[in-house]
Number of protein chains: 2
Amino acid sequence: MSGRTRRASVGVVDLARELGVSTATVSRALNGSPAVRPEVAERIRKHADERGYVPNRLARALSATTSRAFVGFVIPYVDTPAYSAVAAECARLLSADGTQMILTITENDPERELQALRELTASRIAGLVISPSTHVLDDTRRLLERQPVVELHRASGIAAPGVFSDDERAMTESVRHLAGLGHTRIGYVGTPEALSNGAIRLRGVRHGMADAGLDPDTLAMRLVEPTRELGRSATEDLLARSDVTAVLVGGGSLSVGVAEAVRASGRRVPAELSLVVYGDPAWFSLADPPPTLIRVEYAELARCAARLLLEALDAHHSGMPGPEPGPHLVVPRLVPAGSTGPAPD
Amino acid sequence: MSGRTRRASVGVVDLARELGVSTATVSRALNGSPAVRPEVAERIRKHADERGYVPNRLARALSATTSRAFVGFVIPYVDTPAYSAVAAECARLLSADGTQMILTITENDPERELQALRELTASRIAGLVISPSTHVLDDTRRLLERQPVVELHRASGIAAPGVFSDDERAMTESVRHLAGLGHTRIGYVGTPEALSNGAIRLRGVRHGMADAGLDPDTLAMRLVEPTRELGRSATEDLLARSDVTAVLVGGGSLSVGVAEAVRASGRRVPAELSLVVYGDPAWFSLADPPPTLIRVEYAELARCAARLLLEALDAHHSGMPGPEPGPHLVVPRLVPAGSTGPAPD
DNA sequence: CTGAAAGCGCTAACAC
DNA sequence: GTGTTAGCGCTTTCAG
C-alpha cells in the first residue's frame, strides 16, 4: 500500500514502458500466470504496487472471455432483512473474492425482473443470486439458464442450486409446539402457494396438524402477499371470522402486521391468544413477553448463497460439475418464549 | 419488448450493417443525439428494439468520457435498516435512471474503505453514496474529492452534500419529553463523538437538558460503537452504576441491545424506568407497551440520497453548480407511546 | 447530417 | 518465457 497520490491513472502500458517489458507480460504477471519468470513477475507486481496501479475492471471484463468483476443480486423487496440484510452480507462476503455486487430490486414485478436481468447481462455479470418473482417469465427463465445462478428464498423451477430456510420443518415443529400446549383451533397467516416458499410453509403447517392428530382442513388460514399491511388486514379478518386460540405466521413482514393486528384486537397474549412469529429476532427484541419465534438465520443464508455462487462461478469457468442444483437448506430454530402458552379452556 | 430469443448478442455493428448505416449513426441514434435525422433515428431505434439489442454497458462506459452505468454505495455495516434498507431502496430508485448500484461493505474499517473506493474507481463509477467510517484516511478523502459524492448518516468533512436524520432536534425533543414527565436523572446510550452523528446526537441531548433546566453534566451517558452487543453491555453498566429513571438511546442497533438489557434488568417499563428508543418501527412493532420511538424515515433518506446523487451526476456532467454541499436533513418523528411515563417519586 | 477511423485499457492468440 | 497484434463493443473526434 503506497501513500503516493495517484496521477491520472496509470495503466498496463505505462507499467510496461517503465519496466521495459510488454503489456502482455505485465498482464500475465498481474494475473498470476505461471508463464512468466517468477522474478520478473515479482518485479512487475512490486512496481505496479508502487505506482498505485489499479486495473480498470471494465476494460478487463470487456476484454476477457470470462471475468468475475461483477455479479448480480436480484430481489423483489427492500423492506425486510430477509432480502436487504442478506444482500448486504453477500456483498461483504463477495468483496473478499474481489467481486463487486450489483444490487437490483424488482418489486416482485416479472417485467421489471426480466428488464433487470437484461441490464445485468449487459453488464457482463459472471453470475447472480436471485429471489425470483412470483411468476417468472419464460424469457427470464431462458436468461437464467445461461449463466451461474443461485436462487434465494424462492425457487423458479430452473436447475440451479438454491438457498432456503427449511420452513417446512420449522412450521411443522411450530404446530406441534402449539398442539402440545393444547391448541386445536389454529390460525395460519402465510404467503400464497404460488410462491414456492409459501407452498412449502403451508405444507409444513398441514403436516404439523396431521402429526398432532388435528384435521388439516380445520386450519383457519389467510394467504396473502408478504407485506406488513396485508398481514395486518388478514389477521384482523381471521380473528373476526374464526375462533382460533393460536396464530402462526409464515413470513417476516407478515409477522409485524400480524403482531400489530393482535395487539389492536386487545386479546391478551398468551392468555387468550398464543402467537408464533417468524423472522429476525431484532425485530422483536423489545417485545414483552418475548415472542415465540421461528428464528431464521439470515447471516447463514447469506454465507451459503455467497459460497454457492462462488462455487458455481469456479465450476462454470473450469467446466467442472459445480454445486448441486436443488435446495440447500438452512435450518431455522423454533425459539419458544412468552407469546405461546396453554390454550384457554 | 420483443419475444425473440436473443442469439449471441447483437451489437452496434450488426445493427449498422443491417440498416446500411454507420456505427456512429447507430450510436448517436441510440443515445438520442440531436445530430441525426429524426426519421433515421426512429428507424434505428425500432430495429434495435426488434433485434433485442442490449447495449454492453462495460464497453459503453469504457469508451465514453462520461458514463453513469454504475454508481457505488459504501456502508460500514449490514445489520441495520439504517444501512441495508436505505441501500436497497436507493438501488430501486437509481435503476429507474438506468444506473446500476454496486454495494460495498467496509465494516467500519478505514483500510477496507479505501480499498473499496479504489475498486469502485476501477469500475469507473459515476459517483457514490457513502457512510464514511469513523476515521477516514487522507487517501480516501482525496479519492472522494474527485467525484460526485453524497454522504449518508455520517459526514467525513469533505465538501459534499449529505443526507442525515435531524437527530439533534429529535434528541432535544426526546429529552424535553422525558423532562416533561418529571424525569431529572436521565441516562443516554449513544455513539461516540468521533462519529459525526454521535456528536450531533449528544449535542441534541445536552441541548435538551439545558432547555429543561437540567444540568447537562448530570447526564449519565455511555458512548459506544453502534452494535447491539455494546448497547446491551453499556446499558447493564449504566443501570448498575447510576440511578436513572429514564434511558434515551441514540442509535438503531443500540436500541435493540438497550431494550434487551432493560428487560434483563427486570425493571418495569415505564413504572420504574422510561425508555426512548431510536430507529425503525418494524423492529419494535411487537413491543408491549409499544415503545416511545424516535422514528427515522429510512425510505425518505433513501429518496433524498438518490435524488442528490443524480443531481450531482448531472451537475458534474454539465459543469453546473450541483446540489448544495452540507447537510440535507430528514426530520425524524418522536412518537410518544407506552414505554415512557411519569418519573417514579 | 453522416461516415471513417481512432481509441477506451485490458486480455489472449499467435509468433518468436 | 516474452513480445506483437488483434480485438472486446462502444463512443467520439474529425472529415466530408
Side-chain angles (χ1 to χ4, degrees), chain A residues 6-44 48 51-70 98 118-119 121-126 317, chain B residues 6-44 48 51-70 98 118-119 121-126 317:
Chain A
R6 293 191 307 114
R7 309 250 99 257
S9 60
V10 337
V12 283
V13 291
D14 301 293
L15 298 179
R17 182 171 20 78
E18 288 161 14
L19 289 154
V21 297
S22 75
T23 61
T25 301
V26 172
S27 175
R28 286 191 272 254
L30 263 23
N31 291 309
S33 161
V36 57
R37 211 173 346 132
E39 53 203 86
V40 179
E42 190 42 49
R43 193 164 64 97
I44 293 174
R51 295 285 279 116
Y53 168 74
V54 180
N56 181 324
R57 330 186 81 189
L58 264 35
R60 198 199 281 260
L62 180 60
S63 167
T65 50
T66 175
S67 148
R68 56 178 62 185
F70 302 109
R118 289 223 174 98
E119 295 281 345
T121 304
S123 293
R124 289 273 187 100
I125 54 167
H317 179 75
Chain B
R6 292 191 309 112
R7 310 249 98 258
S9 61
V10 337
V12 283
V13 291
D14 301 293
L15 299 179
R17 184 172 18 79
E18 288 161 13
L19 287 141
V21 296
S22 74
T23 61
T25 301
V26 171
S27 175
R28 285 192 273 255
L30 262 25
N31 291 310
S33 160
V36 58
R37 212 172 345 131
E39 52 203 87
V40 178
E42 188 44 46
R43 194 163 66 96
I44 292 174
R51 295 284 281 115
Y53 169 73
V54 180
N56 181 324
R57 323 181 66 133
L58 264 36
R60 199 199 279 259
L62 180 60
S63 167
T65 50
T66 174
S67 148
R68 56 179 60 185
F70 302 108
R118 289 223 174 98
E119 294 281 346
T121 304
S123 293
R124 289 274 187 98
I125 54 167
H317 179 76

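Just so you know, these numbers come straight off a predicted model, no measurement behind them. Proteins come first, then strands; the chains are lettered A, B, ... in the order of their sequence lines, and each starts at number 1.
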Checklist entry - Under 4.5 Å between any side-chain heavy atoms of A:Val21 and A:Arg43, yes or no? => result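 Yes. Closest side-chain heavy atoms under 4.5 Å.
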Checklist entry - Is the closest side-chain heavy-atom distance between B:Thr121 and B:Arg118 below 4.5 Å? => result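 Side-chain contact under 4.5 Å: no.
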Next on the checklist: Taking B:Ile125's backbone N and O only, do any of them form a donor-acceptor pair with B:Ser123's side chain (distance below 3.5 Å, no angle check)?
Outcome noted: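 Side chain of B:Ser123 to backbone of B:Ile125: no pair is present.
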Next on the checklist: Based on the rotation axes of five pairs at each end, what angle does the helix from C:dC1-D:dG16 to C:dC16-D:dG1 bend through, to 10°?
Outcome noted: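 The two end axes of the helix from C:dC1-D:dG16 to C:dC16-D:dG1 meet at 40°.
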Checklist entry - Checking side chain to side chain contact (heavy atoms under 4.5 Å, CB included) against A:Val10, which of A:Val13, A:Asp14, A:Val12 comes through? => result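 Among the candidates, only A:Asp14 passes.
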Checklist entry - At what distance, to the nearest 0.5 angstrom, does CG of B:Leu15 lie from CG of B:Leu30? => result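 So the gap between those two atoms works out to 7.0 Å.
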Give me the atom names and distance for the closest heavy-atom approach of [X] to [Y].
X	Y	result
B:Ala29	B:Ile44	CB-CD1, 3.7 Å
A:Ser67	A:Ala69	OG-N, 3.0 Å
A:Leu62	B:Leu58	N-CD2, 4.3 Å

Next on the checklist: Does B:Ser67 reach a base, just sugar-phosphate, or nothing at all? Heavy atoms under 4.0 Å.
Outcome noted: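 Result for B:Ser67 = nothing.
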Checklist entry - Taking atom C1' of C:dT2 as reference, at what distance in whole Å does atom CZ of B:Arg17 sit? => result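 After rounding, the gap between these two atoms is 19 Å.
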Checklist entry - Which letter, B, S or -, goes with each nucleotide of nucleotides 3-10 of chain C from 5' to 3', with contact meaning a protein heavy atom under 4.0 Å? => result BBB-BBBB
